[in-house]
Amino acid sequence: MNPDSSSQTGTHVTTLLILGASGDLTGRLLLPGLARLVGSGRARGLKLAGAGGPGYSQEKWQQRVNEVCAAAKKQATAPGGTELDKIAADTRFAELDVTKPGELAALVDSLEGPVALYFALPPAVSQKACEVLEPGELPESTLLVMEKPFGSNQKSAQELNRTLIRLVPEENIHRVDHFLGKGTVFNILGLRFANRLLEPLFTGEHVEKMEIFYDEELALEGRAGYYDGAGALRDMIQSHLLQILGLLTMNAPATLKERDVRDHLGSVLRATALAGNPAQNTRRARYTAGTSKGRPVPDYASEEGVEPALKTETLAEVTLNINNSRWAGVPFILRAGKALGTARKEAIITFRPVSHLPTGFKGTDEPTKLRIGFGPDTLSLDLDVNGPGDLYTLDRVTLAAELNSPDLLPYGEVLLGVLSGDPTLSVRGDTAEECWRIVDPILTAWADDAVPLAEYAAGGNGPADWDTNCTKPVNGTPAKAKARH
């Protein structure tokens, strides 16, 4: 390998090697994200390789890459189109068993480096592949890119961290979270820390509660192999939503460099824990037969590949506290689920009531709410104002705006950080362990049936007695002002 070749490419990485080349993740998300990135001209000189088990071939891989690159060329820049042609012409596929000692290291050694190893594989296979690698087998410049879930609990995450750190330095380990695209992260940080109106209000003195919701209309969609062993708590709350919570609650970093941002993110998550006990502060449910997005959906327990005895939840909700001076006493409610009637992907910051409302206003004033929508990124502010007609009556209005949207697909943003060697938006090892520490007591309680498994019909809002069910427009859609008398 030529360890210095990356200096000529404009990226830290010369070759991206995707392990799991034939998989759904690679075809549906990774390659389209990469092609859009290359087509934008921001990955000069990158080389692409794929690897997988028996049954796949250079021809099949070549066809997959050709199709994705051809589609991306339709909106590529002229230099980006040239780069796409080069990638399609030069890509190669290798058949190998990543769990067999020596095979993966030999493949990496045959590629032009530095190499980024993207483990688009089941978590257990990725972990085994890393365990059979020996210290010194990989060049120190190699990047390891790991998909979630990173482990299955705190202990396994610690063991996996120890395995990885034997192979490359921590800054070369990218634990990716495609939910944390650069646009979303910097929209949150810019909103919080660049506005005098908001910056001092993000404290327990002014915030009554904070809710982070990720309700999806999609049901299982054939992903039982992964999802039935994970569930909503592991799949979304343990990873994505806890990272969003950290961004919304961390103190202002001195700079936007990776050390400052990740230090502050880790600090606030270390202070985060379940509020009280799982029986009182967590809820779980599973969808039954219904209709989602106009299509019939079978009962989750009867979906192909599902093991009903696992009691896997498709809707989870937890209430957390952050045990520091800034956020003491504020409940943080995180909820995620599938096969729900309304897609709701947003954080809602509910502010405390004013200390005094002058006598004479009619109606009951409602709390001020700031809503931050994810995908698309939006912003809305719910306010009480004097309405038309009777000036003594308060009306509810919503001020809404769209935030900057990235021109890259989510995995393109992830890969941009990887290829440039910037780990700012990857999850640091200690933070990954802390996220498992937060949810481990919940997983234990649920495994012991300390929390009942409720039910809701697919296409509904959730169990009837859950007060977090969606009943209003979401993601920045202005609600019609209504007069209260």
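Not measured: the values here are computed from a predicted model. We use all heavy atoms of the structure for the numbers below, so side chains are in, but hydrogens, waters and symmetry mates are not.
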Charged N-O contact under 4.0 Å between Lys155 and Asp440: no
Just checking, is any N or O donor in the side chain of Trp446 or Thr282 under 3.5 Å from an acceptor N or O on the other one? yes
When you measure from the side chain of Ser239 to the backbone N and O of Asp235, does any donor-acceptor pair fall under 3.5 Å? yes
Keeping Asp260 on the side-chain end and Thr255 on the backbone end, is there a donor-acceptor pair under 3.5 Å? yes
So Ile333 and Glu317, side chain to side chain contact (heavy atoms under 4.5 Å, CB included) or not? Walk me through it. CA-CA 7 Å; Ile333 301 165; Glu317 182 182 306; 3.9 Å; yes
Give the C-alpha distance, both sets of side-chain angles, the deciding distance and a yes or no for side chain to side chain contact (heavy atoms under 4.5 Å, CB included) between Ile442 and Leu233. CA-CA 9 Å; Ile442 305 170; Leu233 181 62; 3.6 Å; yes
Ring-face cation of Arg344 near Phe213 (centre distance under 6.0 Å, axis angle within 45°): yes
Does Asp263 pair with Arg259 as a salt bridge, N-O distance under 4.0 Å? yes
Report yes if the side chains of Asp228 and Tyr300 come closer than 4.5 Å at any heavy-atom pair, otherwise no. yes
Check Ala51 against Leu107 and note the closest heavy-atom contact, atom names and distance. CB-CD2, 3.9 Å
Do you know which two heavy atoms are closest between Leu37 and Leu408, and how far apart they sit? CA-CD2, 3.8 Å
Any side-chain heavy-atom pair from Asp430 and Asn161 closer than 4.5 angstrom? no
Atom pair CG/OG1 of Leu133 and Thr163 - distance to nearest 0.5 Å: 10.0 Å
Counting only N and O atoms by type, is there a donor-acceptor contact under 3.5 Å from the side chain of Ser420 to the main-chain atoms of Leu416? yes
Heavy atoms, side chains only, cut-off 4.5 Å: are Glu147 and Tyr118 in contact? yes
Between Tyr287 and Glu303, is there a side-chain donor-acceptor contact under 3.5 Å, judged purely by atom types and distance? yes
Heavy-atom closest pair, residues Cys130 and Leu164: SG-CD2, 3.5 Å
Starting at CG of Leu84, measure out to OG1 of Thr77 and round the result to the nearest 0.5 Å. 8.5 Å
Backbone N or O of Leu48 within a donor-acceptor pair of the Thr91 side chain at under 3.5 Å? yes
Passing option when Phe374 is tested against Ile188, Leu403, Asn187 for side-chain contact (heavy atoms from CB on, under 4.5 Å): Ile188
Per the side-chain contact (heavy atoms from CB on, under 4.5 Å) rule, which among Thr468, Val318, Leu315, Val451 passes with Arg283? Thr468
Run Thr15 and Leu46 through side chain to side chain contact (heavy atoms under 4.5 Å, CB included) and show every step you take. CA-CA 6 Å; Thr15 303; Leu46 181 70; 5.9 Å; no
Starting from the C-alpha separation in whole Å, work towards a yes-or-no answer on salt bridge (charged side-chain N to carboxylate O under 4.0 Å, His left out) for Glu170 and Arg175. CA-CA 10 Å; Glu170 168 63 32; Arg175 302 167 189 84; 2.9 Å; yes
Take atom CD in Glu221; do more than 12 heavy atoms of anything else shown fall under 6.0 Å from it? yes
Is there a side-chain contact between Glu171 and Asp422, using heavy atoms and a 4.5 Å cut-off? no
Quick check: does any side chain N or O of Ser426 sit under 3.5 Å from a backbone N or O of Val176, one acting as donor and the other as acceptor? no
Which atom names give the shortest non-hydrogen contact between Thr26 and Ala120, and what distance separates them? OG1-CB, 3.7 Å
Checking side-chain polar atoms at under 3.5 Å, does Glu67 have a donor or acceptor matched by the opposite partner on Gln63? yes
Does a side-chain N-to-carboxylate-O contact under 4.0 Å join Glu216 and Lys338? yes
Hey, could you give me the CD/CD distance between Glu159 and Glu131, rounded to the nearest 0.5 Å? 8.5 Å
Within-4.5 Å side-chain heavy-atom neighbours: Leu415 and Val145: no
Distance alone, cut at 3.5 Å: any donor-acceptor contact between the side chains of Asp299 and Ser302? no
Before you tell me yes or no, could you show the steps for Lys128 and Asp97 under salt bridge (charged side-chain N to carboxylate O under 4.0 Å, His left out), namely the whole-Å CA-CA distance, both residues' side-chain angles and the distance that decides it to 0.1 Å? CA-CA 11 Å; Lys128 178 63 176 176; Asp97 180 355; over 6 Å; no
Going by the side-chain hydrogen bond (donor to acceptor under 3.5 Å, both in side chains) test, name the single residue among His240, Gln243, Lys148 that passes it with Asp177. His240
Taking the side chain from Thr14 and the backbone from Gly113, do they hold a donor-acceptor pair closer than 3.5 Å? yes
Under 3.5 Å, is there a donor-acceptor pair between the side chain of Thr431 and the main chain of Val427? no
Does Ala279 offer a backbone N or O that forms a donor-acceptor pair with the side chain of Asn277 under 3.5 Å? yes
What distance separates Glu211 CD from Ile349 CD1, expressed to the nearest 0.5 Å? 9.5 Å
Any side-chain heavy atom of Ile18 within less than 4.5 Å of one from Phe119? no
Check Arg36 with Glu83, please: is the shortest side-chain N to carboxylate O separation under 4.0 Å? no
I'd like to know if Lys345 pairs up with Asp215 as an ion pair, taking the criterion as any Lys NZ or Arg NE/NH1/NH2 lying under 4.0 Å from an Asp or Glu carboxylate oxygen. no
Between Asp407 and Arg42, is the closest basic N to carboxylate O distance under 4.0 Å? yes
Could you walk me through whether Tyr456 and Thr314 pass the side-chain hydrogen bond (donor to acceptor under 3.5 Å, both in side chains) check? CA-CA 10 Å; Tyr456 62 99; Thr314 60; 2.9 Å; yes
So, Glu346 versus Tyr214: side-chain donor-acceptor pair below 3.5 Å or not? no
Apply the test side chain to side chain contact (heavy atoms under 4.5 Å, CB included) to residues Leu248 and Ile212: give CA-CA distance (whole Å), side-chain angles for both, the deciding distance (0.1 Å), then the verdict. CA-CA 10 Å; Leu248 287 168; Ile212 305 174; 4.0 Å; yes
Counting N and O atoms only, with roles assigned by atom type, does the side chain of Lys60 sit under 3.5 Å from a partner on the main chain of Gly55, one being a donor and the other an acceptor? yes
Taking Lys311 first and then Glu313, would you say they form a salt bridge - that is, a charged N and a carboxylate O separated by under 4.0 Å? no
Looking only at non-hydrogen atoms, find the nearest pair between Met236 and Ala336 and report the distance. CB-CB, 3.6 Å
Roughly how far apart are Arg262 CZ and Glu258 CD, rounded to 0.5 Å? 4.5 Å
Does the side chain of Arg166 reach to within under 4.5 Å of the side chain of Glu134, using non-hydrogen atoms? yes
Compute the centroid of each ring, for Phe332 and then for Trp327, and state whether the two points are separated by less than 6.0 Å. yes
To the nearest 0.5 Å, what is the distance between OG1 (Thr99) and CG (Leu121)? 10.0 Å
Decide yes or no for Arg335 and Leu340: does some side-chain heavy atom of the first lie under 4.5 Å from some side-chain heavy atom of the second? yes
How close do Met250 and Leu265 get, counting heavy atoms only, and between which atoms? SD-N, 3.8 Å
